[in-house]
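The next block holds one structure in the form of structure tokens; read it before the comments.
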There are 2 protein chains.
Amino acid sequence: MIQTTGEPLTIKDIARLAGCGVSTVSRALNGSNEISEQTKERINEVIRQYNYTPNGNARRMRRSAEKTILLIVNGSSNLFFSPLIEQIQIASSSAGFQIAVNHIDEQEDEVQFASRLCTELRPAGVIFLGGDMRNFKRSFARIKLPCILSTANAEELGFENLSSVSVDDYEGGRAAAEQLFDRGHKKVGILGGDLSSYGPSGLRYGGFCSVCSERGADIPDSELCAYTFSSAYEAAVALYHKCKGMTAVFAMSDIIAVGAVRAFLDMGKRVPEDISVLGFDGIELSEYSNPRIATLAQPIHQISSLSVRMLVNMIEDGAEASHVTLRAQFRSGGSMGRI
Amino acid sequence: MIQTTGEPLTIKDIARLAGCGVSTVSRALNGSNEISEQTKERINEVIRQYNYTPNGNARRMRRSAEKTILLIVNGSSNLFFSPLIEQIQIASSSAGFQIAVNHIDEQEDEVQFASRLCTELRPAGVIFLGGDMRNFKRSFARIKLPCILSTANAEELGFENLSSVSVDDYEGGRAAAEQLFDRGHKKVGILGGDLSSYGPSGLRYGGFCSVCSERGADIPDSELCAYTFSSAYEAAVALYHKCKGMTAVFAMSDIIAVGAVRAFLDMGKRVPEDISVLGFDGIELSEYSNPRIATLAQPIHQISSLSVRMLVNMIEDGAEASHVTLRAQFRSGGSMGRI
DNA sequence: CTGAAAGCGCTTACAG
DNA sequence: CTGAAAGCGCTTACAG
């Protein structure tokens with residue numbers, strides 16, 4: 001490799017060095033077939049020798065970043081999202097797309113943020129990892145690109161350019177209730193996000209309550225909390241005092257479940273002998289906790305690969321928006337016992 | 001807000017709409033002071049009305065992305081890194097820099113990757129979160145921008161444009177050994193990354209061994225593992241069989257510690273009664289595990305804010321490379337007991 | 001303080 | 001198959 005100093009090389013330099021025009025270099029760079037094998041080889045040799053990389057900003061400006069997918073992640077240290085992000089990255093790069101990841105705070109409006117970034121980056125499409133339905137309702141109309149909402153169902157929203165891949169959260173909530181009732185629990189508390197919303201928490205709550213009423217049980221007590229250990233810890237303490245005689249907790253995520261377990265242990269309760277805890281998501285940590293967290297596992301791999309595939313279909317073939325619903329699968333664990 | 005259809009607006013459109021030249025719009029956009037408050041206000045009003053955002057690719061091309069910092073993260077679902085990333089993002093945006101995060105596999109050469117991305121993105125500087133010293137030795141010379149290695153010490157490498165912020169890993173290893181010896185443990189096994197390297201694992205191992213020899217103990221048995229639950233689990237089982245009579249384990253990260261605890265519990269051992277486990281890093285999970293993980297906590301907040309501040313000083317004021325070493329702080333936890 | 005013009009490093013019709 | 005030229009959306013001397 002020839003050492004260079006100072007300014008990076010441009011396509012012009014390569015053209016000069018290879019003794020040809022810039023358009024020819026550009027063709028070699030982009031694997032065009034309007035170029036002879038011979039010159040392509042010669043140019044590539046020069047590129048290799050001088051270790052040239054094209055200026056991506058200039059490229060993206062011309063091509064409108066057509067090979068980039070924007071990934072908007074709600075919240076930054078979410079153990080459920082991190083393997084999804086990883087798999088989305090892998091799946092899209094094998095489909096020939098770069099991923100630009102952007103984490104945003106849960107309080108921010110992810111849709112507005114994405115809209116701004118779209119004119120900034122000009123990606124070919126957007127994947128939202130989680131999101132607040134109200135934000136979509138309010139500002140999604142502004143986004144004209146193919147988009148996917150991963151992890152929540154966007155069917156009700158009815159946008160032409162918004163597909164979604166998610167677990168059937170209502171059914172998941174029902175399954176949670178059935179697992180608990182079948183083990184003899186009658187008084188169950190609930191720990192989760194906004195239960196009144198259209199979003200995953202609300203749907204799971206709705207499913208849970210539907211089983212309660214079928215089985216003649218009361219509407220369960222609940223306590224709102226964020227998807228963090230510390231928030232779950234506090235909420236679990238509050239719930240324990242509010243919901244007298246509670247023998248089990250349905251936590252809307254495994255992170256919440258782990259925080260709740262820690263809280264109950266600190267209060268001198270045994271899990272699951274005194275109180276059972278059932279999580280949601282099926283993150284890796286649930287299998288390494290003590291006790292292991294019983295959970296409704298989401299098919300992470302399917303969610304990520306479908307998200308990418310559906311988005312690419314929309315981008316490349318103009319496919320219409322569609323909504324895929326998968327099933328969360330119950331997985332037992334030491335945190336949930338029989339009464 | 002006025003609705004627009006089709007193509008996004010350009011600076012030309014705004015100029016036309018505001019009745020001025022493009023250079024004036026550009027000045028308003030960039031907060032130049034060569035522009036009257038009056039016109040600036042008028043232009044900003046138009047920009048707001050039409051919800052215009054400049055094309056970032058074109059901007060970055062002209063400005064060589066001078067306001068972007070590239071953040072290279074080794075490994076993707078690292079619980080120790082995720083709060084660091086978050087804080088680095090916050091600190092740099094308040095210093096006026098955008099962060100472009102890129103996760104890479106642990107097997108990849110992060111330095112070569114960064115070098116390629118530098119000509120692709122033309123950032124103002126690079127922050128490496130973790131990294132393999134061998135890769136730096138081999139290929140860092142190629143990178144001419146101001147860089148920071150966060151989480152490992154780069155002093156020995158002696159590059160003029162590479163600073164570092166890290167914990168004193170050798171001292172951390174010594175502290176770990178002292179805490180264990182002081183509690184009566186004599187036979188300790190070690191679980192961690194490449195112990196023969198110059199990197200953090202190697203230094204901690206070196207510090208640990210130095211205390212062993214001071215106290216007349218043997219060189220401890222060790223088992224190599226990656227920084228994941230599953231790898232730690234397997235390694236802990238292997239270590240248990242290799243290191244007969246072991247009463248404690250020093251794990252090079254809290255993730256490894258959690259995986260090891262799970263393994264020992266599954267083998268019917270009690271933690272800490274039969275075997276103590278000491279971690280490293282001080283991630284949030286360590287305080288929510290059961291038992292809580294005793295650990296050497298890294299000052300995450302200091303590491304992130306110093307990394308950004310030092311890099312910005314190098315970029316803006318041409319500050320020289322420097323190397324800051326912080327202290328890991330012991331934090332007790334139920335995973336470590338007395339013998 | 002403002003605008004017309006040049007130019008950043010690419011890609012892509014267009015003409016050969 | 002190849003090259004000269006136009007143009008992408010910005011920023012920044014330069015001249016007023």
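Bear in mind the structure is a predicted one, so any value in this text is a computation, not a measurement. Below, read A as the first sequence line, B as the second, and so on, with proteins coming before strands; counting in each chain starts at 1.
- The same atom, C1', is picked in D:dG16 and in D:dT12; the two are 16 Å apart, to the nearest Å.
- In the model, B:Ser36 has a side-chain atom that pairs as donor or acceptor with a side-chain atom of B:Thr39 under 3.5 Å.
- Remark: B:Thr24 is in phosphate contact with C:dG3, judged by side-chain N or O atoms under 4.0 Å from OP1 or OP2.
- Note on B:Asn55: every side-chain N or O is 4.0 Å or more away from OP1 and OP2 of D:dC8.
- Heavy atoms of A:Thr10 sit under 4.0 angstrom from primed sugar atoms or phosphate atoms, though from no base atom.
- Residue B:Tyr52 places its OH atom among more than 12 non-hydrogen atoms of other residues, nucleotides or ligands, all under 6.0 Å distant.
- When the nucleotides C:dC10, D:dT11, C:dT11 are ranked by their closest atom to the side chain of A:Val22, C:dT11 comes out on top.
- Note on A:Ser23: every side-chain N or O is 4.0 Å or more away from OP1 and OP2 of C:dT11.
- Of the side-chain N and O atoms in A:Thr39, none sit less than 4.0 angstrom from OP1 or OP2 of D:dC1.
- One finds a salt bridge joining A:Asp194 and A:Arg134 here, because a Lys/Arg side-chain nitrogen approaches an Asp/Glu carboxylate oxygen to under 4.0 Å.
- Between B:Tyr52 and B:Arg27, the one whose closest nucleotide on DNA chain D sits nearer the 5' end is B:Tyr52.
- Between A:Thr53 and B:Val25, the residue whose closest nucleotide on DNA chain C is further toward the 5' end is B:Val25.
- Within 6.0 Å of OH on A:Tyr198 lie no more than 12 heavy atoms contributed by other residues, nucleotides or ligands.
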